[in-house]
Participant: 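One structure coming up, written as C-alpha cells, with questions to follow.
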Amino acid sequence: MLLHLSTWPEVDDYLTRSQGLILPIGSTEQHGPTGLIGTDAICAEAIAHGVGDATQALVGPTINVGMALHHTDFPGSISLRPSTLILVIRDYLVSLTKAGFRQFFFINGHGGNVATLKAAFSESYAVLSNLPIPGGDRVQCQVANWYMCGSVYRLAKELYGSEEGSHATPSEVALTQYVYPDSIKTAYLDPNVPSGYPIYSAAEFRRCYPDGRMGSNPALATPDHGRQLYELAVKDLSRQYLEFLTSD
C-alpha cells in the first residue's frame, strides 16, 4: 500500500490497524560513468515497496534528494544541506504524527544521509514533545541501510570481493539494473580506481575520485545479482520492520 496512491479514508482505516510507516530515502548524485544518478533513491524505493508488500505496511513517498554535498562537482548531482534535510524530516514527522503515525522506519540507500537522519530524529523528538499533539512524545524512528543488511553484505563480498568498493558499487548498480533493465549503461572504466581518501569538499572529492567511483568495479554487476540482493534485502528488512513495530 503506497501513501501517494491512497485516499485519506484508506489511510485513516490503515491507522486503526497500524501506526507504522515505511519511508524510503536516497539521494540524487553521481554514481560513476555507468551508475544512474538516481541509484540511491531507486534502490531504497524498490526495497521499501517490497518490504511494504511483505509486511502489509504503508509506504510513504520516496525522499529522492539527500545530503550529497561532496558529489556536487559532478553534473546532475543535487544535494540538500544537512540543516535543510533536518527540517524536511522534521516537517514530515510533524505532519504524519498529527495524522496518527507513531513509528517511522526509514529505508535508506545513501551513506551520506545517516548522520543527518540521526540528528533529525533527535531534533524531531524534542519538537514533537513540546507540541500539543497526542502521542507526540511516543514517536520512534529507525534508519535501516539496505546495503548494510548482513545477508546483502555477505553476498556482495562473495560476488565482488574487494572490487565492491564503497561508492558506485557493483551491488547497488546491479540492483538498479534489476529494477530498470532498459537503463543499463556501459562506459570505459579505468582499472586503476582510487580508494581510501577522506571526504572533504566537493572539489577535493572530484580531484581524489575523478570518475566518481571509490574503489569499485561496477562492470561486475548483473541484473540477476540485483535480483538476489533485492530479495535478501526485502527479507532482512521485513524482519527488522516487524521487530521495530513490537519494540515499544
Participant: In Å, rounded to the nearest 0.5 Å, how long is the span from CD of E204 to NE2 of H70?
Facilitator: 13.0 Å
Participant: Where do T176 and C43 come nearest, in terms of heavy atoms and distance?
Facilitator: CG2-SG, 3.9 Å
Participant: I'd like to check L117 versus C141 (side-chain heavy atoms, cut-off strictly below 4.5 Å). Are they in contact?
Facilitator: no
Participant: Backbone N or O of Y230 within a donor-acceptor pair of the Y178 side chain at under 3.5 Å?
Facilitator: no
Participant: For the atom pair CD (Q142) and CD1 (I107), what is the distance rounded to the nearest 0.5 Å?
Facilitator: 10.0 Å
Participant: Nearest heavy-atom pair of S27 and D40: which atoms, and what distance?
Facilitator: N-CB, 3.5 Å
Participant: Can you list the steps and then say if F106 with F121 is a ring pair (Phe, Tyr, Trp, His ring centres under 6.0 Å)?
Facilitator: CA-CA 11 Å; F106 287 77; F121 297 164; 5.2 Å; yes
Participant: With rounding to the nearest 0.5 angstrom, report the OG1 to CD1 distance, T116 to I89.
Facilitator: 9.5 Å
Participant: Looking at residues at least two apart in the chain, or sitting in another chain, which of them share a side chain to side chain contact (heavy atoms under 4.5 Å, CB included) with L80?
Facilitator: V65, T84, L85, V88
Participant: Tell me, do P33 and L189 make a side-chain contact under 4.5 Å, heavy atoms counted?
Facilitator: yes
Participant: Taking all non-hydrogen atoms of both residues into account, name the closest pair between T28 and N64 and its distance.
Facilitator: OG1-O, 2.9 Å
Participant: Are I25 and I86 joined in one hydrophobic group, where the rule is that I, L, V, M, F, W and Y side chains link up if heavy atoms are under 4.5 Å apart?
Facilitator: no
Participant: Does the pair S79 and H71 meet the rule for a side chain to side chain contact (heavy atoms under 4.5 Å, CB included), with working shown?
Facilitator: CA-CA 8 Å; S79 180; H71 291 292; over 6 Å; no
Participant: Does A202 offer a backbone N or O that forms a donor-acceptor pair with the side chain of T72 under 3.5 Å?
Facilitator: no
Participant: With a 3.5 Å distance limit and no angle check, can you tell me whether N113 reaches the backbone of M67 through a side-chain donor-acceptor pair?
Facilitator: yes
Participant: Who clusters with F205? Use side-chain heavy atoms, under 4.5 angstrom, across I, L, V, M, F, W and Y, and order the result by chain and number.
Facilitator: F74, Y197, I199, Y209, M214
Participant: Under 4.0 Å between a Lys/Arg side-chain N and an Asp/Glu carboxylate O for R227 and E231?
Facilitator: yes
Participant: Specify the closest pair of heavy atoms between Q30 and S77, including all atoms of both residues, with the distance to one decimal.
Facilitator: N-OG, 2.9 Å
Participant: Can you list the residues that meet the side chain to side chain contact (heavy atoms under 4.5 Å, CB included) rule with Y147, with sequence neighbours excluded?
Facilitator: N108, V114, N145
Participant: For the hydrophobic clusters of this structure (ILVMFWY residues joined by side-chain heavy atoms under 4.5 Å, transitively), does one cluster hold both V193 and L159?
Facilitator: no
Participant: Looking only at atom types and distance, does a side-chain atom of T16 sit under 3.5 Å from a main-chain N or O of D13, one as donor and one as acceptor?
Facilitator: yes
Participant: Of all the heavy-atom pairs spanning I22 and A48, show the shortest one and how long it is.
Facilitator: CG2-CB, 3.9 Å
Participant: Taking side chain as C-beta onward, heavy atoms only, is L220 less than 4.5 Å from E164?
Facilitator: no
Participant: Return the CG to OG distance between L229 and S171, rounded to the nearest 0.5 Å.
Facilitator: 6.0 Å
Participant: Please say whether more than 12 non-hydrogen atoms of neighbouring residues, nucleotides or ligands are located less than 6.0 Å from NZ in K157.
Facilitator: yes
Participant: Minimum heavy-atom separation for S124 to R90, with atom names?
Facilitator: OG-CA, 3.4 Å
Participant: Run S151 and R154 through side chain to side chain contact (heavy atoms under 4.5 Å, CB included) and show every step you take.
Facilitator: CA-CA 5 Å; S151 58; R154 287 190 294 272; 4.0 Å; yes
Participant: Quick one: do V94 and W8 end up in the same hydrophobic cluster if we chain Ile, Leu, Val, Met, Phe, Trp and Tyr together by side-chain heavy atoms under 4.5 Å apart?
Facilitator: no
Participant: Treating Ile, Leu, Val, Met, Phe, Trp and Tyr as nodes and any side-chain heavy-atom pair under 4.5 angstrom as an edge, say whether L36 and Y188 lie in one connected cluster.
Facilitator: no
Participant: So, R239 and E243, do they make that salt bridge, N to O below 4.0 Å?
Facilitator: yes
Participant: I'd like to know whether L175 forms a side chain to side chain contact (heavy atoms under 4.5 Å, CB included) with I47, so could you lay out the CA-CA distance, the side-chain angles of the two residues, the decisive distance to 0.1 Å, and finally the verdict.
Facilitator: CA-CA 10 Å; L175 184 46; I47 292 167; 3.6 Å; yes
Participant: Tell me whether I37 is reachable from I42 by hopping between hydrophobic residues (I, L, V, M, F, W, Y) whose side-chain heavy atoms are closer than 4.5 Å.
Facilitator: no
Participant: Using atom types as modelled and distance alone, determine if a side-chain donor or acceptor of R213 lies under 3.5 Å from a backbone N or O of P218.
Facilitator: no
Participant: Between S238 (side chain only) and V234 (backbone N and O only), is there a donor and an acceptor less than 3.5 Å apart?
Facilitator: yes
Participant: Examine distances only and state if a side-chain atom of E29 and a backbone atom of A68 form a donor-acceptor pair shorter than 3.5 Å.
Facilitator: no
Participant: When rounded to the nearest 0.5 angstrom, what is the spacing between NZ in K235 and SG in C149?
Facilitator: 12.0 Å
Participant: Between F101 and Y14, what is the ring plane arrangement, given parallel below 30°, perpendicular above 60°, and tilted in between?
Facilitator: tilted
Participant: Using a 4.5 Å cut-off on heavy atoms from C-beta on, say whether the side chain of R102 contacts that of T97.
Facilitator: yes
Participant: Side chains of V59 and P24, heavy atoms from C-beta outward: is any pair under 4.5 Å?
Facilitator: yes
Participant: Quick check against the 3.5 Å criterion: does Y125 have a side-chain atom that pairs as donor or acceptor with the backbone of Q140?
Facilitator: no
Participant: First locate atom NE2 of H31, then atom OG of S216, and finally report the distance between them rounded to the nearest 0.5 Å.
Facilitator: 9.0 Å
